[in-house]
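Step one of this worksheet: look at the structure below.
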2 protein chains.
Amino acid sequence: MFSLDQLSAFVAVAEELHFGRAAERLNMTQPPLSRQVQKLERAVGARLLERDNRKVELTEAGQAFLTEARRLLALVETAGDLARRVDQGAAGTLRLGFTATSAIRTLGPLLRRLSEELPDVDVILHERVTPGQIDGLLRGELDLGLGRPPFDSDVLDSRIVSREPLCAVVPGNHRLAALGRPLTSADFSGEQVISYSPTQARYFHELTVRFLAESHPRIEQRVQQILTVILLVAAGRGVALVPASARHLGVEGVTYCDLAGPGQAVELHAIWRRDATSPVLQRVLTMLPEHH
Amino acid sequence: MFSLDQLSAFVAVAEELHFGRAAERLNMTQPPLSRQVQKLERAVGARLLERDNRKVELTEAGQAFLTEARRLLALVETAGDLARRVDQGAAGTLRLGFTATSAIRTLGPLLRRLSEELPDVDVILHERVTPGQIDGLLRGELDLGLGRPPFDSDVLDSRIVSREPLCAVVPGNHRLAALGRPLTSADFSGEQVISYSPTQARYFHELTVRFLAESHPRIEQRVQQILTVILLVAAGRGVALVPASARHLGVEGVTYCDLAGPGQAVELHAIWRRDATSPVLQRVLTMLPEHH
DNA sequence: AAAACATGATTCCCGAAAGGTATCACTCGA
DNA sequence: TCGAGTGATACCTTTCGGGAATCATGTTTT
């Protein structure tokens with residue numbers, strides 16, 4: 001089999017049609033260049049250059065081989081580049097889990113930054129509730145999740161990506177909508193409150209329960225998705241607590257009210273396996289917005 | 001820059017996921033193999049294999065690089081093959097000149113054989129009268145011609161490809177058509193004879209003149225192409241001499257008559273430059289039908 | 001016609017690089 | 001704790017590639 005140096009030698013001679021000049025271009029002297037070309041011809045099994053003491057020209061086989069040689073050398077360049085880019089996380093695949101809520105304000109900008117800064121990274125999106133993301137991460141189906149606590153911090157590492165206040169959402173014609181001031185826990189006494197699944201949306205479930213702990217609302221509905229909650233509110237089935245970014249969902253017929261007291265922060269975490277090695281993941285982690 | 005040997009080494013290890021077995025497959029021992037892989041990684045600038053004392057596995061960069069490496073090695077194989085095939089004339093381009101007449105019986109079978117036996121040879125066809133072919137051969141525009149004598153045998157080499165009798169073509173209602181016997185030169189006395197251009201179809205011109213030397217026909221029309229001649233005959237403009245294969249042209253309203261006496265042979269020659277080096281040409285020449 | 005020149009091939013030498021043997025360092029299972 | 005298995009390292013030998021000088025041959029110049 002021939003070597004890449006022999007290919008470069010041949011290409012140089014084929015382009016210069018002169019051994020001396022080709023040798024100069026290759027920063028070597030003419031004799032070893034002649035030998036390399038001879039070796040290449042022996043390896044290929046065909047005469048590639050017709051040469052006498054006066055001129056050098058390509059044979060037909062040489063013409064055909066020159067094309068292939070150029071392609072090969074080009075591929076050599078790009079092969080290394082590709083591997084380096086993958087190594088540095090600038091190319092590859094990121095399987096990203098996200099909750100419907102995280103998509104409202106966080107996912108869009110993140111995807112935009114990714115496609116700008118790492119255009120060769122393919123992002124595969126999986127919409128899942130947080131437990132589903134954790135499951136996916138542990139099974140190796142996901143590289144990164146955007147979800148809510150809690151999660152096992154022995155195996156999973158995480159970082160807060162966004163933090164926003166909790167707010168109340170009430171029907172547009174509801175008495176709470178008319179108060180015009182931040183709502184307290186007591187305001188919810190006797191209200192029909194729509195809350196969250198303790199298993200599939202545990203985080204919002206606990207936030208809701210904690211905020212309303214001192215009042216005595218009636219909690220009947222327990223759903224998983226923020227959007228479902230708001231649609232139920234719009235349908236007059238009760239009131240609910242949602243993250244502030246839900247205002248941007250654009251559901252008609254509901255009013256959003258601030259909550260009084262120390263801000264109940266809703267945190268969104270980026271979550272990944274502590275032992276993950278994916279270069280793309282490492283690279284993306286450096287791009288995540290920092291909150292505290 | 002890395003070497004092809006290093007690529008092969010990497011591919012072997014990546015496939016075996018075991019240095020020892022990979023080394024065995026490459027007919028070498030494990031230590032130099034380890035070194036080659038290390039060198040490759042340094043050359044590429046990325047870790048390609050994650051290895052400890054217990055297992056070997058591909059990194060993401062290694063996965064990407066493996067694909068490129070395989071493609072590269074495949075190209076190495078095909079590049080050599082291609083050059084060899086071109087060298088042996090099994091691939092490449094043949095610029096083939098031919099006369100309209102040669103197309104009747106010779107060109108078709110030749111092209112069929114070429115596409116069967118040398119499917120990677122592209123044949124570019126140029127229909128030209130013989131002097132045009134000779135010109136093309138000398139200018140380097142053609143590799144091979146199918147034409148008639150004479151031509152300069154110092155520069156051009158040739159071989160007879162087909163030999164066929166001359167015959168007469170007469171209008172279907174002509175008195176000569178009714179004779180029912182081979183025609184002699186004398187039969188043409190007083191006939192209007194259509195002949196050929198002394199420059200552009202010199203061969204047929206001379207054949208006609210020679211055959212009719214002893215009679216006294218009237219020769220007025222002088223054309224280049226056999227088909228034109230026959231169409232003129234069909235139109236009643238006279239009689240003419242054509243090669244026997246012209247019967248297969250399927251022109252209506254004419255009758256073909258054998259000629260008496262020693263067969264006037266019409267020869268078709270393959271013609272090429274004596275100094276031609278094209279491997280395709282050399283290969284095609286070995287495939288040409290042999291006549292004498 | 002002879003001499004000078006140009007060009008690729010050949011020869012010989014040296015140093016760099018590759019392969020082999022022996023051994024080390026480390027992990028895992030008995 | 002020890003032995004088996006695995007990749008890395010050290011050291012030696014061999015091979016291979018590059019450089020200087022020279023050759024062979026054909027072209028140009030004088």
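Chain identifiers are assigned alphabetically (A, B, ...) following the order of the sequence lines, protein sequences preceding nucleic acid strands; residue numbering begins at 1 within each chain.
Rounded to an integer number of Å, the gap from A:L33 CG to D:dG18 C1' is 11 Å. For the pair A:M28 CE and C:dA16 P, the computed distance is 16 Å after rounding to whole Å. Distance B:F19 CZ to D:dT9 P: 11 Å, rounded to the nearest Å. Per the geometry, CG belonging to A:N27 stands 18 Å off P belonging to D:dG17, to the nearest Å. Rounded to an integer number of Å, the gap from A:Q6 CD to D:dC16 C1' is 11 Å. Here the P atom of nucleotide D:dA8 and the NE2 atom of B:H18 are 12 Å apart, to the nearest Å.
A heavy-atom distance below 4.0 Å to DNA chain D is reached by these residues of residues 35-58 of chain B, ordered by number: B:R35, B:Q38, B:R51, B:D52, B:N53, B:R54, B:V56.
One finds no side-chain N or O of B:T29 lying less than 4.0 angstrom from the OP1 or OP2 phosphate oxygen of C:dG19.
For B:D157, there are no side-chain hydrogen bond (donor to acceptor under 3.5 Å, both in side chains) partners two or more places apart in sequence or in a different chain.
A distance-only check finds no donor-acceptor pair linking the side chain of B:R47 to the backbone of B:E41 [under 3.5 Å]. In terms of modelled atom types and a separation under 3.5 Å, the side chain of B:D143 and the main chain of B:R95 share a donor-acceptor contact.
The 12-atom threshold is not exceeded at CD of A:E24, counting heavy atoms of other residues, nucleotides or ligands nearer than 6.0 Å.
The pair A:D81-A:R85 fails the salt-bridge criterion, with no side-chain N (NZ, NE, NH1 or NH2) lying under 4.0 Å from an Asp/Glu carboxylate O.
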Would you tabulate the side-chain donor-acceptor contacts of residues 5-14 of chain B under 3.5 Å, counting partners in other chains and residues two or more places apart, or write 'none'?
{"unit_1": "B:Q6", "atom_1": "OE1", "unit_2": "B:S3", "atom_2": "N", "d": "3.1"}
{"unit_1": "B:Q6", "atom_1": "NE2", "unit_2": "B:Q36", "atom_2": "OE1", "d": "3.2"}
{"unit_1": "B:S8", "atom_1": "OG", "unit_2": "B:L4", "atom_2": "O", "d": "3.1"}

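Of the residues near DNA chain D, B:Q30 and A:P32, the one whose nearest nucleotide (by heavy atom distance) lies more toward the 5' end is B:Q30.
When distances are taken from the side chain of B:S34 to each of C:dA9, D:dA8, D:dT6, the shortest belongs to D:dA8.
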